[in-house]
**Q** 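Attaching a single structure in structure tokens format; questions to follow.
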Amino acid sequence: MTVSGSTTQGGILLDVDYVVTPDQKAHTVLYLRSDGKRTRQIVDDFLPYFYVDCTEEQLQSIMADDQVLAEWFLYSEPTKRILYEGGQLQPLQKIYGKQPWKVPQIRARFASRQIAFYEADIPFTHRFMIDHQIKGLEHLDLTTMDSTQTTWSPRVCSLDIEINNDLQDTFEELVEQAAYRVTAIGMSWIADGKLSSKAFILEEDNDQAEINLLQSIFDFLWQEVDPDIIVTYNGDIFDFPYLVKRLEVQGIDTRILSPYGDTIPQPPQFGNGWKIPGVLIFDLYKRTRWMYTDDGRKTLDSVALKLLGEQKIELDISHGELWQQSLTNSERMKTFREYVIRDARLTVQLWEAMDMPQWLEVIKICGGPPGDAMYFTERQAGEFLVFQVMFREGILIPRAPTAAEKKLRKKERISAMGGFVFDPIRDIASSVLLCDFASMYPTIIVGHNIGGESFRGAVGTLKDRFNSEPRTSMAMMQEELLASRFEVKEQLEGAITDDDKKRLKAYSWAIKIVANSTFGAYNFIGSRFYDTDLAGTITGLGREYLQTIGMRVEEFADGYKTIYGDTDSVFIETPLNEKIQQLWEKDDDSITHIPEIGQLLGYLHEGLPPEMKLELEDIAYRIIFHKGAKKRYAYVSALDKQVYIKGFEAIRNDFSPFAREIQEFAFERLLRSGDVASTKKEVIELIKKMLERSEDQIKREVSTYGPIRRNPAKYKSMTPAVSAFLHLNSHNDGRLNWRDYDFFPFIIIKGTSSQKNRARHPDLVSFDEIDLDHYIEEGLRSIGRFNLPISLDEAKGIEYRDIVSYFEE
DNA sequence: ACGTGTAATTG
DNA sequence: CAATTACA
């Protein structure tokens, strides 16, 4: 390992990239933040390689008659690696070569000779991270190539451009020509916890002024702000492509967009975003999918309103016109400046509000190159950590499936069975222990040494399907994650400052994400680790353990009963009424020592692998089930006295807030009082009061959101939300685009025909049109389902318009 | 573009 | 019944 021309001992690894030398060799570029300064280092002796299953002699004779191969090839070495499937040690040739991008072409020459190859589909920069066992965004020592954990936090800066246009065109149309002047650029950045903003505004309407503006912006960005991360809102489809194009139009070298001034920005590839070597870039819009906003859209304003609570500033004219007026009117200039700064500030504030710092923790844990890992899915992050462990242990990373293989998998797949769910045996119960397995599937994987290396096949007893040697990569990875999560939890208990707590919580969250995401990969057709038999064995073990626990509860002592459970949880009814009553009456939420609980948990742990831990999650003073329906319950905690609702309509976003409030109130009253008759009265009182609210408030509360997932024409069965969109669109001459909405708000208006004919956008509904009966019934219907006699008929004593007339008839 | 299990509504 | 959704 040689770092050529190294001027530094090391630093925070911001990203990895590579350049090609004139003799067609790949040199790795490490981008670092070293003692606060930006620096890059070249590694000149890390080469692309992969493994082939043949002898040295074979390799030589192939090389002799294959010109393409010989040209790429540099040297080879005999080696041994463990095969992922079956875990056998295999002698192989490790072959090194020149250009990384030629690997697919080179491996094909072995495939055509029926020679097996391995790890020929790991991208070069990924290979670098894995082979050096290093982590991004952590401190990298260049002399030892070791990563160490730091508490470093990046400098984040937002970038937002304005152009002289009324934005009637689509982003694509604007970018196509880049015909309009850049009139302003806003930046907002956080350094040492302090937020600063700056607006650069074009003050004259001529080319030279625009050129000067564009140049000064990047001087300022790289000299003064010096960001590690540039964050935008829609920057991938607008700000970056527009800027690059506009720089070209004005004859400015696009390399000013690089902190080193010598590389050009790279457009998105494989679903990534724009890249500028040396700085990380992220478009926040990418993470707003399926976010609930008030108007159902995902503009910066809608998302900022939702997450930052900041109201939109309404402009009476377009951005372009505002800029034009600002050239001669200082008041307008002030407004324009405020507007530019505001958008930049909101964008940088969203970075935190959208929990992006937490995702940086995932990047650190998984060890992927930060520029790519920024765009990883949770599964990809989990898999990358497995790659890191596999390399360390000398196990070959399985090949990614081709498109054809994925298609075949989809066709032939027999999905693994999932978790087991108990039928609730009560409508209502008290003194119930809510227990669950901590990280159930990860602990099963560790406890049984599960993985492709040890799997003997889906035959025989579940517990006997895995060899104990070799230790699998998945089990090792999960074991390490469980240990570090345990460590973080201990640190968290000792943490004093809010900053430390926040950092540790983010880290703990990230570990959990990475651990949990890998199990699902076994059942995912796109994964390298796809194996439904293996997945089925894990879930099968889970079902076995859960059912055993369920039975053991009742063997423990009289009065203990399993009344419900789902996948990794058991709800245990106990005879501890007096002690739990005492807990309930205590003001704080600490657990008074109840020896029976400890004894029960001890009893339940007998026979479990040591890694598996059944934990007491909460104690329900009272709990309600809808008998016969799984995954639905509500309880009040004897510890923190809060009401928790799971699965019911009261927490479902496809029910109106109006109906949800009715159900939530009913649960709240019933759980606390335990009295059906008084609850019933109180619910009726509540509905009366709700109907006395202002028309505006009621209208807001009956507005419900439904998703628009595809082109409305492609729906076989029209949902109210889609039909409300079509209705609104017909009032806008068909100009609306369904893609602008993730969730579309609608209100059902009075009438007798089907809902799809009565769904309207709230703006097109007057209060008198609202079908209030529909919404009251929605609320009452869900209460009626408690199996507790609060029926619809009884509740019809409510006095209000239509129901009054119903009684008069 | 991690997984399965489940309940509910609409037409 | 199928289609659709959102939850655990």
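A quick note: this is a predicted structure, and the numbers were derived from the prediction, not measured. In what follows, chains carry the letters A, B, and so on, assigned in the order in which the sequence lines appear, proteins first and then strands, with residues in each chain numbered from 1.
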**Q** Which part of the nucleic acid, if any, lies within contact of A/Ala416, taking any heavy atom under 4.0 Å across all strands shown: a base, the sugar-phosphate backbone alone, or nothing?
**A** sugar-phosphate
**Q** Look at the side-chain N and O atoms of A/Ser415 and state whether any lies under 4.0 Å from the OP1 or OP2 oxygen of B/dT4.
**A**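 Checking A/Ser415 against B/dT4: at least one side-chain N or O falls below 4.0 Å of OP1 or OP2.
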**Q** Pick base, sugar-phosphate or nothing for A/Phe743, based on heavy-atom distances below 4.0 Å to the nucleic acid.
**A** sugar-phosphate
**Q** Consider the side chain of A/Arg632, meaning its heavy atoms from C-beta on, and name the nucleotide among C/dT5, B/dA7, B/dT9 that approaches it most closely.
**A** B/dA7
**Q** If you only use heavy atoms from C-beta on, which nucleotide in B/dT10, B/dA8, B/dT6 is closest to the side chain of A/Val421?
**A**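 The answer is B/dT6, which lies nearest to the side chain.
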**Q** Side-chain N or O of A/Ser717 versus OP1/OP2 of C/dA2: is the shortest distance under 4.0 Å?
**A** no
**Q** Where the side chain of A/Gln755 is defined as all heavy atoms beyond and including C-beta, which of B/dT10, B/dG3, C/dA3 is the nearest nucleotide?
**A**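 In terms of side-chain proximity for A/Gln755, the closest of B/dT10, B/dG3, C/dA3 is B/dT10.
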**Q** Tell me whether the OP1 or OP2 atom of C/dT5 has a side-chain N or O from A/Arg709 closer than 4.0 Å.
**A** yes
**Q** Can you see if the side chain of A/Asn653 gets near the phosphate of C/dC7 - specifically, an N or O under 4.0 Å from OP1 or OP2?
**A** yes
**Q** Let me know the distance between CZ of A/Phe376 and P of B/dC2, rounded to the nearest Å.
**A** 12 Å
**Q** Please pick, from C/dA8, B/dA8, C/dT5, the nucleotide with the shortest atom-to-atom distance to any side-chain atom of A/Arg652.
**A** C/dT5
**Q** Base, sugar-phosphate, or nothing: which does A/Met417 touch, judged by heavy atoms less than 4.0 Å apart?
**A** sugar-phosphate
**Q** What is the distance from OH of A/Tyr292 to C1' of C/dC7, rounded to the nearest Å?
**A**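 So the OH-C1' distance, A/Tyr292 to C/dC7, works out to 10 Å.
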**Q** Quick check for you: among B/dT9, B/dT4, B/dG5, whose closest atom lies nearest to any side-chain atom of A/Arg413?
**A**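 The closest nucleotide is B/dT4.
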**Q** Does A/Lys716 make a side-chain N or O approach to OP1 or OP2 of C/dA3 shorter than 4.0 Å?
**A** yes
**Q** Whole-Å distance between B/dA8 C1' and A/His626 NE2?
**A** 11 Å
**Q** Taking atom P of B/dA7 as reference, at what distance in whole Å does atom CG of A/Asp654 sit?
**A**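 About 16 Å, once rounded to whole Å.
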**Q** From the list C/dT4, C/dC7, B/dG11, which nucleotide is the closest neighbour of the side chain of A/Tyr715?
**A**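 When the side chain of A/Tyr715 is considered, C/dT4 is the closest of C/dT4, C/dC7, B/dG11.
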**Q** Check for me whether the distance between the ring centres of A/Tyr633 and A/Tyr564 falls short of 6.0 Å.
**A**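 They qualify: ring centres under 6.0 Å apart.
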**Q** In whole Å, what is the span from the CE atom of A/Met440 to the P atom of B/dG5?
**A** 14 Å
**Q** How many whole angstroms separate atom OH of A/Tyr633 from atom P of C/dC7?
**A**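 Whole-Å distance recorded here is 14 Å.
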**Q** Do A/Phe455 and A/Phe466 have ring centres separated by under 6.0 Å?
**A**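 Ring centroids of A/Phe455 and A/Phe466 are less than 6.0 Å from each other.
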**Q** Could you check whether A/Ala521 gets within reach of a base, just the sugar-phosphate, or nothing at all, counting any heavy atom under 4.0 Å?
**A**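 No contact.
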**Q** Counting only side-chain heavy atoms from C-beta out, which of B/dT10, C/dC7, B/dG3 sits nearest to A/Ile651?
**A** C/dC7
**Q** Under 4.0 angstrom, heavy atoms only, what part of the nucleic acid is A/Gly536 near: base, sugar-phosphate, or nothing?
**A** nothing
**Q** Do the side-chain N or O atoms of A/Arg543 get closer than 4.0 angstrom to the phosphate oxygens (OP1, OP2) of B/dG5?
**A** no
**Q** According to a strict under-4.0 Å criterion, is A/Lys630 in side-chain N/O contact with OP1 or OP2 of B/dT6?
**A**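 Result: yes.
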**Q** Touch check for A/Arg289, heavy atoms < 4.0 angstrom, all strands: base, sugar-phosphate only, or nothing?
**A** nothing
**Q** Identify whether any heavy atom of A/Gly418 sits under 4.0 Å from a base atom; if not, whether one sits that close to sugar-phosphate; answer base, sugar-phosphate or nothing.
**A** sugar-phosphate
**Q** Could you give the CD1-to-C1' distance, from A/Ile414 to B/dT4, as a whole number of Å?
**A**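 So the two atoms are 15 Å apart, to the nearest Å.
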**Q** When the ring centroid of A/Phe648 is compared with that of A/Phe667, is the distance short of 6.0 Å?
**A**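 Yes - the distance between ring centres of A/Phe648 and A/Phe667 falls below the 6.0 Å cut-off.
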**Q** Centres of the A/Tyr441 and A/Phe519 rings: under 6.0 Å?
**A** yes
**Q** Give the nucleotide from the list B/dA1, B/dA8, C/dT4 with an atom nearest to the side chain of A/Thr377.
**A** B/dA1
**Q** Take A/Glu769 and A/Arg760 through the test side chain to side chain contact (heavy atoms under 4.5 Å, CB included) and record every step on the way to the result.
**A** CA-CA 10 Å; A/Glu769 287 176 295; A/Arg760 297 282 184 275; over 6 Å; no
**Q** More than 12 heavy atoms of other residues, nucleotides or ligands under 6.0 Å from NZ of A/Lys699: is that the case?
**A** yes
**Q** Base, sugar-phosphate alone, or nothing: which one does A/Pro720 contact when heavy atoms must sit under 4.0 Å apart?
**A** nothing
**Q** Taking the nucleotide of DNA chain B with the closest heavy atom to each, which residue, A/Ser753 or A/Ala629, is nearer the 5' end?
**A** A/Ala629
**Q** The side chain of A/Lys646 is closest to which nucleotide in this list: C/dA8, B/dG11, B/dA8?
**A**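 Within the option list, the nearest is C/dA8.
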**Q** Take the protein atom CG of A/Leu546 and the nucleotide atom C1' of B/dT4, then report the distance between them rounded to whole Å.
**A** 15 Å
**Q** Strictly under 6.0 Å, is that where the ring centroids of A/Tyr84 and A/Phe529 end up?
**A** yes
